[in-house]
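Accompanying notes for the structure given below.
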There are 2 protein chains.
Amino acid sequence: MARQVRSSKDAILGAARREFAARGFAGARVESIARAAGCNKAMLFYYFSSKEKLYRAVLSRALGEIFAEIAGIVHEQLTPAEFMEKFPEIYVRFLARNLDLPRILVFDLVHRPENIAAAMTDILRANTDFRPQRFQDMIRSWHRQGLISEGDPLHFMLNVVSLSIFSFLARPLVEAISGLKVQNDEAFCRARIQSVVRILKQGMLK
Amino acid sequence: MARQVRSSKDAILGAARREFAARGFAGARVESIARAAGCNKAMLFYYFSSKEKLYRAVLSRALGEIFAEIAGIVHEQLTPAEFMEKFPEIYVRFLARNLDLPRILVFDLVHRPENIAAAMTDILRANTDFRPQRFQDMIRSWHRQGLISEGDPLHFMLNVVSLSIFSFLARPLVEAISGLKVQNDEAFCRARIQSVVRILKQGMLK
DNA sequence: GATTGGTTTAACCATATGGTTAATATAGTA
DNA sequence: TACTATATTAACCATATGGTTAAACCAATC
């Protein structure tokens with residue numbers, strides 16, 4: 001029985017992640033996912049029953065990984081300064097290591113936000129210990145204590161996340177406009193983290 | 001002869017922009033673009049000869065519009081503080097008015113950056129008066145004069161652009177995580193601009 | 001009123017694509 | 001060995017899709 005179930009299913013999931021990341025949902029070809037996974041196209045439908053469902057599996061996996069990476073930092077009782085140092089470090093490095101994820105996410109973010117919302121709901125249901133509400137309250141309390149200048153949790157998080165994630169999307173554009181080229185990824189990561197931490201602390205800490 | 005050439009061609013371009021924005025390149029259907037433009041599918045190939053070329057036309061138009069909006073501000077000899085106030089205001093309002101544009105751009109940004117680079121090159125060639133180099137030099141000189149804390153033009157611009165544009169992409173995600181809902185777009189725009197200007201000035205001005 | 005040149009249409013084509021089926025292989029179990 | 005349940009494959013199918021063609025249309029000009 002099923003000695004290597006996992007291997008095929010996982011191979012498909014991995015190949016699907018790469019394909020969806022590279023071409024988007026509509027651009028991805030079921031056939032080439034199967035080929036990349038080293039199996040027959042029918043295997044894919046055997047395990048996932050449709051392209052759509054395969055995609056959802058990939059998406060919630062991706063979201064789950066990002067989420068797991070961030071969840072820790074949200075639980076610790078950090079000062080705002082510590083948070084502004086740790087978050088970009090963790091987030092930027094994680095994204096640099098897993099470029100597929102922002103590529104997948106960004107497409108849904110723009111073209112099918114309901115998808116993300118749905119996947120997010122699943123994750124939140126699975127991680128019952130994580131309460132976004134608590135995180136919001138923390139930001140609000142930082143503001144009430146006069147520690148930070150941005151009192152709206154939505155804009156606080158938008159500022160933090162924007163600065164950390166957008167460079168991975170916009171780099172080609174900014175490079176094209178500016179004529180500057182990023183040669184070394186590690187150097188870029190370090191510089192980006194440094195710049196983000198500085199503007200966050202200087203800009204939102206009181 | 002050609003009494004209303006423009007009307008058909010423009011109708012196609014408009015419909016194509018909406019379709020590409022809503023579904024991405026691979027997801028867009030040539031047929032439904034034509035239908036939305038009120039004409040036959042063959043008209044589309046008559047004017048644009050391929051889906052790919054139609055897309056490129058839409059893309060360089062979109063980039064051109066964004067570019068035109070920003071070009072002005074780059075020419076004026078602004079102080080860093082003025083720049084940090086004006087840029088987000090202009091940019092955020094423009095994006096809010098033209099949500100199709102970021103939607104189109106973001107897909108290429110992630111999946112086909114060469115496309116953007118190519119379109120950008122065209123635009124720069126067309127607008128010979130705009131010299132990105134000059135803009136970079138301006139940022140560097142601000143830094144040399146001790147006016148700003150971020151000396152790298154790439155990261156300076158990444159900070160400015162990230163904060164302004166990303167909210168339009170990430171909103172659904174942040175809303176899903178935070179449970180907060182943006183009800184009023186005008187109020188959101190105003191709040192976002194305010195938050196961005198504040199963090200930019202506090203965070204990068206010396 | 002015939003010619004001309006861009007514009008528009010209906011019908012058509014080859015192929016790619018998501019999805020199905022029915023048969024077969026494989027391995028653990030009785 | 002025979003049985004069962006999952007894993008895997010090759011062949012197939014209906015349809016959607018980008019793209020083509022050839023003919024018709026329409027307005028201006030000669």
Side-chain angles (χ1 to χ4, degrees), chain A residues 1-61 104 107-108 111-112 114-115 118-119, chain B residues 1-61 104 107-108 111-112 114-115 118-119:
Chain A
M1 214 209 275
R3 206 194 37 192
Q4 36 196 10
V5 181
R6 290 282 109 203
S7 94
S8 260
K9 211 177 170 182
D10 281 357
I12 292 171
L13 273 171
R17 167 185 295 212
R18 284 184 291 278
E19 175 85 358
F20 285 131
R23 309 190 198 287
F25 177 78
R29 297 293 96 122
V30 168
E31 172 101 41
S32 83
I33 292 175
R35 217 181 321 121
C39 69
N40 192 294
K41 196 174 52 150
M43 280 301 325
L44 191 152
F45 289 96
Y46 175 65
Y47 283 117
F48 298 96
S49 74
S50 77
K51 185 187 183 185
E52 185 72 38
K53 283 191 186 151
L54 171 59
Y55 185 72
R56 279 205 277 270
V58 169
L59 179 63
S60 45
R61 255 201 178 193
I104 292 178
F107 187 80
D108 270 30
H111 297 269
R112 319 159 21 141
E114 337 73 56
N115 252 326
Chain B
M1 212 208 274
R3 206 195 36 192
Q4 36 196 12
V5 181
R6 291 280 110 204
S7 94
S8 259
K9 212 178 169 182
D10 280 358
I12 292 171
L13 273 171
R17 168 187 293 214
R18 284 185 289 278
E19 175 86 358
F20 285 130
R23 309 190 199 287
F25 177 78
R29 295 295 97 121
V30 168
E31 172 102 40
S32 84
I33 292 175
R35 217 182 321 120
C39 69
N40 193 293
K41 198 175 49 153
M43 280 300 326
L44 192 151
F45 288 95
Y46 174 65
Y47 282 118
F48 297 96
S49 74
S50 78
K51 186 187 182 184
E52 185 73 37
K53 284 190 185 150
L54 170 60
Y55 184 73
R56 278 205 278 269
V58 170
L59 180 63
S60 44
R61 255 199 176 194
I104 292 177
F107 186 80
D108 270 29
H111 298 269
R112 319 161 17 144
E114 337 73 55
N115 253 327

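Chain identifiers are assigned alphabetically (A, B, ...) following the order of the sequence lines, protein sequences preceding nucleic acid strands; residue numbering begins at 1 within each chain.
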Distance check needed: [N] [atom2] versus [X] [atom1], whole Å only.
X       : N      : atom1 : atom2 : answer
A:Ile12 : D:dA7  : CD1   : P     : 11 Å
B:Phe45 : C:dT7  : CZ    : P     : 18 Å
B:Met43 : D:dC25 : CE    : P     : 16 Å
A:Asn40 : C:dA22 : CG    : C1'   : 13 Å
A:Arg35 : D:dT8  : CZ    : P     : 18 Å
B:Glu31 : D:dG18 : CD    : P     : 9 Å
A:Phe48 : D:dA7  : CZ    : C1'   : 14 Å
B:Lys41 : C:dA11 : NZ    : P     : 13 Å

Using heavy atoms to find the nearest nucleotide of DNA chain D for B:Arg29 and A:Ala42 separately, return the residue whose nucleotide is more 5′.
-> A:Ala42
At under 4.0 Å, does any side-chain N or O of [X] touch on OP1 or OP2 of [N]?
X       : N      : answer
B:Ser8  : C:dT7  : no
B:Tyr47 : C:dT7  : yes
B:Ser49 : D:dG19 : no

State whether the side chain of A:Glu31 and the backbone N or O of A:Lys41 hold a donor-acceptor pair below 3.5 Å, judged by distance alone.
-> no
Mind checking whether A:Val30 and A:Leu54 have side chains closer than 4.5 Å, heavy atoms only?
-> no
Indicate, with yes or no, if the rings of A:Phe20 and A:Tyr55 have centres closer together than 6.0 Å.
-> yes
Output for pair (A:Arg17 CZ, A:Leu59 CG), nearest 0.5 Å, gives 10.0 Å
Classify the nucleic acid contact of A:Ala28 as base, sugar-phosphate or nothing, counting any heavy atom under 4.0 Å across all strands shown.
-> sugar-phosphate
